[in-house]
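Notes follow once the structure below has been shown.
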There are 2 protein chains.
Amino acid sequence: MTFTIKDVAKLANVSIATVSRIINNQTGYSEKTKKKVLEAIEELGYEPNAVARGLINKRTHTIGVLFPKLSSTLVTDLLSGIEKATHDAGSSVIVCHTESNGEKTMKYLQLLNEKRIDGIIFTSAPLLEEYYQYIKKMNVPMVLLSTETYAHPVPYVKVNDRHAAYTATQFLINKGHEKIGMISGNKDDIISGKPRIDGYISALQDHNLPIDEKKIIYNRGFSFYDGMDSLKTLLKQAPDLTAVFAASDELAIGAISSAYQLGIKVPDELSIIGYDNLSIAEMSVPPLTTVAQPLTEMGEMAANMLFEMLNSDKLIESRIMPHKIVERKSVRDKEV
Amino acid sequence: MTFTIKDVAKLANVSIATVSRIINNQTGYSEKTKKKVLEAIEELGYEPNAVARGLINKRTHTIGVLFPKLSSTLVTDLLSGIEKATHDAGSSVIVCHTESNGEKTMKYLQLLNEKRIDGIIFTSAPLLEEYYQYIKKMNVPMVLLSTETYAHPVPYVKVNDRHAAYTATQFLINKGHEKIGMISGNKDDIISGKPRIDGYISALQDHNLPIDEKKIIYNRGFSFYDGMDSLKTLLKQAPDLTAVFAASDELAIGAISSAYQLGIKVPDELSIIGYDNLSIAEMSVPPLTTVAQPLTEMGEMAANMLFEMLNSDKLIESRIMPHKIVERKSVRDKEV
DNA sequence: TTGTATGCGTTATCAG
DNA sequence: CTGATAACGCATACAA
């Protein structure tokens with residue numbers, strides 16, 4: 001049995017209006033009736049119906065989060081932060097797994113629209129024009145997480161990929177390395193592919209080190225297996241490398257596995273630095289030195305920004321989150 | 001601007017009742033009016049309000065999923081399966097991160113109740129009496145995932161932990177190992193702690209191998225760091241071990257890291273088998289042999305069971321999912 | 001085949 | 001301080 005405000009009103013001998021006032025702690029009732037009503041609520045175990053509330057308030061206290069993939073700790077860390085901030089703000093999160101599929105994404109957006117969610121966090125994927133237009137029509141705030149768009153004024157939170165890649169490469173250079181390769185993601189990926197390559201190249205240039213196409217491997221994605229394959233071909237093309245910057249931790253760990261198979265000692269013969277600082281980074285052998293994104297904080301930040309927009313509906317600034325090197329054991333000084 | 005059924009009705013020159021009938025493709029209207037209405041819907045870009053529907057139909061097409069932690073690929077794999085099946089069934093999932101905290105869990109349950117979700121999947125944690133009672137009062141179906149309860153008739157989906165642990169241990173035995181240690185989780189954990197220990201012991205007994213308390217390490221949890229520490233003390237207590245069964249992949253990989261630090265070669269000097277088959281298992285060096293749980297399928301199964309209960313509301317049977325050994329490189333024959 | 005009217009559980013606007 | 005009552009957007013019983 002589930003009770004309504006009516007049942008409470010009847011039991012407390014007041015009108016539903018009064019009950020409503022008390023539930024929403026507004027003004028306009030005596031302490032005495034308040035007590036009476038509260039007791040009735042307690043006795044019945046009444047809990048308000050958020051669906052009815054949503055209908056009238058036009059606020060469902062639910063947000064939608066779109067992920068291109070779910071099975072990666074990168075995503076979970078983001079989700080974890082989003083969920084925390086969202087729950088702290090008294091809302092819930094609906095997860096949507098788009099698989100980077102346009103049709104699926106549109107279906108999800110439609111679903112979210114029908115559910116009248118309050119806002120959207122769009123993560124780790126390019127915001128296609130089609131998506132943007134649809135969300136604009138939905139008329140709910142949106143923030144981009146771990147991605148950004150140049151085409152429209154949508155606030156985002158991410159690290160500066162170019163800068164972070166620069167930092168990683170520079171770290172290697174500062175350790176005395178000069179022959180530094182890169183295992184990159186997809187260079188056609190404007191968000192996280194190209195910028196990291198650019199950062200790597202910039203760092204090399206700024207330190208008067210030569211750029212050599214043979215020292216860069218381009219992959220489709222950022223996966224472990226890409227990393228395994230990449231190291232092999234990389235070393236074939238440029239056998240004298242002493243260090244490698246991998247554009248993701250998975251790529252880096254794939255490279256480490258490959259190195260192990262090839263009998264190359266990390267970091268003694270080859271230094272490897274990753275990107276992300278996922279939980280797997282500390283679990284690898286040797287533990288992976290990497291440039292960390294504050295993923296959980298990023299998730300929290302994105303959610304908080306969304307709620308800010310929801311409550312004030314003014315424009316909001318994007319956030320470039322700080323990255324930092326987490327030094328573990330996969331990089332060492334180049335002996336001189 | 002967001003339109004309602006009223007706007008559609010007006011534009012199509014029919015009553016809202018007719019529009020409603022057409023949207024829900026019921027009978028009782030001419031092809032001609034149907035066309036008219038559909039055109040109006042198209043023109044306005046009308047999309048039904050699921051909140052209003054939820055209020056009247058008493059079905060929100062939303063389910064709640066409770067996780068004790070979010071940041072682990074174990075959880076993501078489960079979630080991934082749940083999300084898929086749920087979306088295929090036309091519903092959405094709200095994720096709740098309880099942190100194994102009783103108070104938080106109750107808060108989440110209350111939230112889910114207020115939101116009038118259709119059902120609950122409760123994962124990877126003991127179902128406390130308090131939770132059960134509350135959910136029972138909520139009067140929505142629930143299924144347990146990767147956990148179970150003896151106290152109440154709640155359907156669950158999980159592997160048989162005891163059996164799976166037995167299989168893992170037996171695998172080691174069949175490879176010729178006789179001195180086999182175990183790095184276990186929490187022995188007070190009735191769901192995944194104790195049963196795996198029991199399975200290990202059973203396998204030893206059935207093969208006439210001695211049980212030795214010194215060969216078992218008990219941990220608080222199943223984490224990487226627990227695994228690192230455990231291997232060290234384990235080898236101190238029982239230096240002649242040739243193989244170890246770890247009760248989770250994280251424990252196993254922690255053990256591998258430890259072995260590496262100690263200069264012990266895996267699998268040449270020590271074989272290690274894990275439990276779960278997370279994505280990290282294939283990424284370790286050497287790749288981890290482990291007993292696999294079909295996590296994604298388990299998630300799908302749980303969701304499907306929930307929808308079955310929702311649609312027929314008869315009792316449903318629990319499922320013991322099959323486990324299997326995934327042989328990689330961390331276990332080898334004991335040389336004779 | 002179609003339309004009117006009522007209710008789902010709230011909130012909010014009125015009077016009183 | 002309190003209570004009717006009209007929305008919110010939709011589904012449906014009942015009339016027509």
Side-chain angles (χ1 to χ4, degrees), chain A residues 1-38 40-41 44-62 90 110-111 113-118 138-139, chain B residues 1-38 40-41 44-62 110-118 138-139:
Chain A
M1 190 50 200
T2 155
F3 297 100
T4 76
I5 207 175
K6 246 184 202 162
D7 302 308
V8 177
K10 198 178 300 171
L11 183 59
N13 265 318
V14 296
S15 72
I16 60 169
T18 302
V19 176
S20 176
R21 285 187 194 101
I22 293 173
I23 295 176
N24 299 292
N25 45 51
Q26 300 173 348
T27 61
Y29 45 83
S30 68
E31 270 307 311
K32 208 174 108 196
T33 58
K34 176 175 178 180
K35 198 179 157 221
K36 230 179 8 178
V37 168
L38 255 23
I41 288 176
L44 294 177
Y46 164 80
E47 281 175 12
N49 183 329
V51 180
R53 282 180 160 179
L55 183 58
I56 191 161
N57 289 333
K58 278 132 177 30
R59 269 272 228 142
T60 51
H61 291 282
T62 306
Q110 184 179 339
L111 190 74
N113 184 36
E114 295 188 357
K115 292 227 159 114
R116 300 300 193 260
I117 46 104
D118 298 333
M138 286 175 68
N139 196 28
Chain B
M1 189 49 198
T2 156
F3 297 99
T4 75
I5 207 176
K6 243 185 203 161
D7 302 308
V8 176
K10 197 178 299 171
L11 183 60
N13 265 317
V14 296
S15 73
I16 62 168
T18 301
V19 176
S20 175
R21 285 187 196 102
I22 293 174
I23 295 176
N24 298 293
N25 46 51
Q26 300 174 348
T27 61
Y29 45 81
S30 68
E31 270 308 310
K32 208 175 108 197
T33 57
K34 176 175 180 180
K35 198 179 157 221
K36 230 179 7 178
V37 168
L38 255 24
I41 288 177
L44 295 177
Y46 164 79
E47 280 175 11
N49 183 328
V51 180
R53 282 182 160 178
L55 184 57
I56 190 163
N57 290 330
K58 277 132 177 34
R59 269 272 227 142
T60 51
H61 292 281
T62 305
Q110 183 179 338
L111 190 74
L112 293 175
N113 183 37
E114 294 188 359
K115 291 228 159 113
R116 301 299 194 260
I117 47 105
D118 298 334
M138 285 175 68
N139 196 30

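Proteins get letters first, then strands, A, B, ... in listed order; numbering begins at 1 in each.
Put simply, the side chain of A/Asn24 does not reach to within 4.5 Å of the side chain of A/Arg21, judged on heavy atoms. Counting heavy atoms from C-beta on, the side chains of A/Asn49 and B/Leu55 come closer than 4.5 Å.
At whole-Å resolution of the value, NZ in A/Lys10 and P in C/dG9 are 12 Å apart. Separating the NZ atom of B/Lys6 from the P atom of C/dA5 is a distance of 13 Å, rounded to the nearest angstrom. Between the NZ atom of B/Lys34 and the P atom of C/dT2 there is a distance of 12 Å, rounded to whole Å. For B/Leu55 and C/dG9, the CG to P distance is 7 Å, given to the nearest whole Å. To the nearest angstrom, P of C/dG9 lies 9 Å from CG of A/Asp7.
Within residues 18-28 of chain A, the residues having any heavy atom closer than 4.0 Å to DNA chain C are, in order of number, A/Ser20, A/Arg21, A/Asn24, A/Gln26.
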Let me see the working for A/Glu114 and A/Gln110 under side chain to side chain contact (heavy atoms under 4.5 Å, CB included), right down to the final yes or no.
CA-CA 6 Å; A/Glu114 295 188 357; A/Gln110 184 179 339; 3.5 Å; yes
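Map A/Thr4 and B/Ile56 each onto its nearest nucleotide of DNA chain C; the residue landing nearer the 5' end is B/Ile56. The residue among B/Val14 and A/Asn49 whose nearest nucleotide of DNA chain C lies closer to the 5′ end is B/Val14. DNA chain D is contacted by both A/Ala52 and A/Ile16; A/Ile16 maps to the nucleotide lying nearer its 5′ end (nearest heavy atom per residue).
Residues satisfying the side chain to side chain donor-acceptor pair (under 3.5 Å) test with B/Lys36, not counting sequence neighbours, are none.
Listed for the B/Lys115 side chain is a donor-acceptor partner under 3.5 Å among the backbone atoms of A/His61.
Residue contacts for B/Phe3: at a heavy-atom cut-off of 4.0 Å it reaches no nucleic acid atom on any strand shown.
The only option from B/Ile23, B/Val37, B/Leu11 that meets the side chain to side chain contact (heavy atoms under 4.5 Å, CB included) definition with B/Tyr46 turns out to be B/Ile23.
With values rounded to the nearest 0.5 angstrom, A/Arg53 atom CZ is found 11.0 Å from A/Ile56 atom CD1. Rounding to the nearest 0.5 angstrom, the gap separating the CD1 atom in B/Ile41 from the CG atom in B/Asp7 is 11.5 Å.
A close approach under 4.0 Å does not occur between any side-chain nitrogen or oxygen of B/Lys32 and OP1 or OP2 of C/dT1.
Atom CD of B/Glu31 has 12 or fewer heavy atoms from other residues, nucleotides or ligands within 6.0 Å.
With a heavy-atom cut-off of 4.0 Å to chain A, the contacted part of DNA chain D has its first and last nucleotide at D/dC1 to D/dG9.
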